[in-house]
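All remarks here apply to the structure that follows.
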Amino acid sequence: MPRFEPKNPDYRAVAANTFARQRAMQTLGISIARIEPGEVDLAMPYAPEFCQQNGFVHAGIITAGLDNACGIAAFTLMPDGSDILTVEFKTNLLAPARGERFVFRGVVVKPGRTLTVCDGRAYAVQDGIETLVATMSGTLMALQRRE
């Protein structure tokens with residue numbers, strides 16, 4: 001995986017602040033576990049409130065975590081004063097999402113001035129073992145921050 005240089009030396013604090021302003025992530029109990037230039041891991045504990053009828057975490061919740069992991073990973077490489085929006089994603093659901101907790105990993109594949117392409121992987125963690133449950137390919141757009 002290529003190593004990327006952030007355009008903003010304060011990328012960690014800016015990305016964490018952007019993440020903290022997303023109330024949806026707070027509602028889902030998703031937090032930042034690791035952040036590096038072009039990479040992020042988010043973590044979420046299991047919650048029965050987010051399950052579908054068979055007891056698996058709902059695909060919409062898994063997709064929200066993946067989308068945000070890709071978005072924050074892309075955001076770490078954007079210049080100061082930027083904001084970010086998802087413009088496209090595709091998700092593959094590979095296995096039932098059941099576990100004690102979940103990890104959403106976003107990695108930048110190709111950063112761009114306006115569009116950035118990312119890959120995401122969602123893992124269910126049970127007894128310390130990670131099982132891949134979903135993948136995402138996403139495109140995110142940099143835009144000027146509005147106050």
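Remember, predicted model here, so these are calculated numbers, not experimental data.
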Are the side chains of [Y] and [X] in contact, using a 4.5 Å heavy-atom criterion?
X: Thr91; Y: Thr135; answer: no
X: Phe89; Y: Ser137; answer: no
X: Phe104; Y: Asn68; answer: no
X: Gln126; Y: Thr131; answer: no
X: Val133; Y: Leu94; answer: no
X: Ile72; Y: Glu39; answer: no
X: Leu28; Y: Phe50; answer: yes

TODO: Examine the side chains of Gln144 and Asp83 and answer whether a donor and an acceptor come within less than 3.5 Å of each other.
DONE: no
Atom of [X], atom of [Y] and distance for their closest heavy-atom approach:
X: Phe102; Y: Gly99; value: CZ-N, 3.7 Å
X: Ile30; Y: Gly65; value: CD1-CA, 4.0 Å
X: Arg113; Y: Ala142; value: O-CB, 3.8 Å
X: Pro79; Y: Ser82; value: O-OG, 2.7 Å
X: Gly29; Y: Pro45; value: O-CD, 3.3 Å
X: Cys70; Y: Cys118; value: O-SG, 3.5 Å

Open item on the list: For residues 87-99, which residue pairs pass the salt bridge (Lys or Arg N to Asp or Glu O under 4.0 Å) check, not counting sequence neighbours?
Closed with: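 Residue pairs with at least one partner in residues 87-99: there are none.
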Task: Identified side-chain contact (heavy atoms from CB on, under 4.5 Å) counterpart of Pro111 within the set Leu77, Val117, Thr76 - done: Leu77
Indicate, with yes or no, if [Y] and [X] share a hydrophobic cluster defined by side-chain heavy-atom contacts under 4.5 Å among Ile, Leu, Val, Met, Phe, Trp and Tyr.
X: Val57; Y: Met25; answer: yes
X: Met136; Y: Phe56; answer: no
X: Leu66; Y: Ile61; answer: yes
X: Val40; Y: Val108; answer: no
X: Phe19; Y: Val103; answer: no

Open item on the list: Checking the side chain of Gln52 only, and the main-chain atoms of His58 only, is there a donor and an acceptor separated by less than 3.5 Å?
Closed with: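 Not a single qualifying donor-acceptor pair exists.
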In Å and rounded to the nearest 0.5 Å, what is the [atom1] to [atom2] distance from [X] to [Y]?
X: Lys110; Y: Asp119; atom1: NZ; atom2: CG; result: 14.0 Å
X: Thr116; Y: Phe4; atom1: OG1; atom2: CZ; result: 9.0 Å
X: Glu5; Y: Lys7; atom1: CD; atom2: NZ; result: 11.5 Å
X: Leu85; Y: Met141; atom1: CG; atom2: CE; result: 5.0 Å

TODO: Give me the other members of the hydrophobic cluster that Leu140 sits in, counting Ile, Leu, Val, Met, Phe, Trp and Tyr linked by side-chain heavy atoms under 4.5 Å, directly or via other members.
DONE: Val14, Phe75, Met78, Ile84
Task: Criterion side-chain contact (heavy atoms from CB on, under 4.5 Å) on Leu42 and Ile32, from CA distance to verdict - done: CA-CA 5 Å; Leu42 304 179; Ile32 295 175; 3.8 Å; yes
- [ ] Output every pair passing side-chain hydrogen bond (donor to acceptor under 3.5 Å, both in side chains) with a member in residues 41-51, not counting sequence neighbours, ordered by first then second residue.
- [x] Arg34-Asp41, Asp41-Arg105
